[in-house]
Amino acid sequence: MDRSALAARILKTDGVLLLVVALIHFAATPFALRFVSSQSTPEAFVQIGPPFLLSFIVVGILLVPIGLSTVYCADSFRRGERWARVICGFNALGVFLLPVALVMIMPARYFRAILFLVAATLVWIVAISMTLPLLLRPSRSPHSTSK
């Protein structure tokens, strides 16, 4: 398998894994909301519940277009199309920042929750593997005439 085909396959797999993480996020929403509710007074939950729910859902929603655009760009990335490389690069940067935020913000005790641990592990795997296609398929000079 050539490097371009391998890069495209990695990107497609990463895109699908991001969609899986989005599904896990949506499935975990009731558990997360129940946890926040149990850790606060009813009066406080009335105030913090809706913004918490919104931010939790927004993350899941945003993972969907990142995953879909990564899958969509994979074949064009393989062909060396610049727009696909740029989109995959932006997606890779965004996904790479997710595990950085997890490590910086989340206390270790949250990693005991199985859905959280699975999603965090998948995000780490995708964050690392999304950089591989960018290394496997270096960008061409705009003055290059060979394909």
Side-chain angles (χ1 to χ4, degrees), residues 1-140:
M1 177 181 299
D2 70 13
R3 294 173 116 186
S4 296
L6 178 60
R9 185 166 294 189
I10 290 169
L11 287 169
K12 286 179 183 179
T13 301
D14 287 341
V16 169
L17 288 175
L18 287 171
L19 295 172
V20 169
V21 172
L23 290 174
I24 292 170
H25 215 273
F26 293 133
T29 300
F31 299 109
L33 199 56
R34 201 166 24 252
F35 173 76
V36 170
S37 171
S38 73
Q39 300 297 307
S40 58
T41 65
E43 297 80 21
F45 183 70
V46 166
Q47 295 300 312
I48 63 173
F52 171 82
L53 182 60
L54 176 64
S55 65
F56 204 85
I57 293 296
V58 164
V59 170
I61 290 170
L62 292 176
L63 284 168
V64 173
I66 292 172
L68 290 174
S69 65
T70 301
V71 170
Y72 178 75
C73 289
D75 288 331
S76 297
F77 184 93
R78 179 181 46 76
R79 290 189 299 271
E81 295 181 31
R82 185 170 170 78
W83 68 266
R85 183 176 183 77
V86 170
I87 290 173
C88 288
F90 286 147
N91 287 355
L93 176 64
V95 172
F96 183 79
L97 293 175
L98 292 175
V100 171
L102 281 173
V103 168
M104 292 178 64
I105 295 169
M106 298 303 290
R109 70 178 180 273
Y110 288 97
F111 288 87
R112 290 190 296 255
I114 191 69
L115 284 176
F116 186 86
L117 182 60
V118 168
T121 302
L122 287 174
V123 166
W124 272 105
I125 290 168
V126 171
I128 293 166
S129 68
M130 280 186 85
T131 60
L132 290 176
L134 298 169
L135 299 172
L136 288 171
R137 182 107 171 71
S139 64
R140 292 194 182 102

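Since this is a predicted model, take the numbers as computed values, not measurements.
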Can you tell me how far the [atom1] atom of [X] sits from the [atom2] atom of [Y], to the nearest 0.5 Å?
| X | Y | atom1 | atom2 | result |
| --- | --- | --- | --- | --- |
| Leu132 | Arg9 | CG | CZ | 14.5 Å |
| Trp124 | Leu102 | CH2 | CG | 8.0 Å |
| Thr131 | Asp14 | OG1 | CG | 9.0 Å |
| Ile87 | Cys73 | CD1 | SG | 4.0 Å |
| Arg78 | Asp2 | CZ | CG | 8.0 Å |
| Phe26 | Leu23 | CZ | CG | 7.5 Å |

Which atom names give the shortest non-hydrogen contact between [X] and [Y], and what distance separates them?
| X | Y | result |
| --- | --- | --- |
| Pro133 | Met130 | CD-O, 3.4 Å |
| Pro99 | Ala127 | CG-CB, 3.7 Å |
| Leu33 | Gly49 | CD1-O, 4.1 Å |
| Leu134 | Gly89 | CD1-CA, 4.1 Å |
| Gly67 | Leu18 | CA-CB, 3.8 Å |
| Lys12 | Ala74 | CG-CB, 3.5 Å |

query: Around atom CZ of Phe45, are there more than 12 heavy atoms of other residues, nucleotides or ligands at under 6.0 Å?
result: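 Yes, enclosed.
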message: Surrounding CZ of Phe96 (heavy atoms of other residues, nucleotides or ligands, distance under 6.0 Å), is the total greater than 12?
response: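 For Phe96, atom CZ is not crowded (no more than 12 foreign heavy atoms under 6.0 Å).
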query: Where does the angle between the aromatic ring planes of Phe111 and Phe116 fall among parallel (under 30°), tilted (30 to 60°) and perpendicular (over 60°)?
result: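 Answer is perpendicular, since the angle exceeds 60°.
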- request: Return the orientation label for the Trp83 and Tyr72 ring planes: parallel under 30°, perpendicular over 60°, tilted otherwise.
  value: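 Rings of Trp83 and Tyr72: tilted, as their planes differ by 30° to 60°.
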- prompt: Is there a donor-acceptor pair closer than 3.5 Å between any side-chain N or O of His25 and the backbone N or O of Ile57?
  reply: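 Answer holds: no.
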Taking the side chain as everything from C-beta on, heavy atoms only, tell me whether [X] gets closer than 4.5 Å to [Y].
| X | Y | result |
| --- | --- | --- |
| Leu63 | Leu98 | yes |
| Val71 | Leu11 | no |
| Ile24 | Leu122 | yes |

task: Quick one: do Asn91 and Thr70 satisfy side-chain hydrogen bond (donor to acceptor under 3.5 Å, both in side chains)? Show the steps, please.
output: CA-CA 7 Å; Asn91 287 355; Thr70 301; 2.9 Å; yes
message: Looking only at the side chains, is there a donor atom on one of Ser37 and Arg34 sitting less than 3.5 Å from an acceptor on the other?
response: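 Side chains of Ser37 and Arg34: no pair found under 3.5 Å.
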message: Quick one, Val36 with Ile48, criterion side-chain contact (heavy atoms from CB on, under 4.5 Å). Give me CA distance, side-chain angles, the key distance, then yes/no.
response: CA-CA 9 Å; Val36 170; Ile48 63 173; 3.9 Å; yes
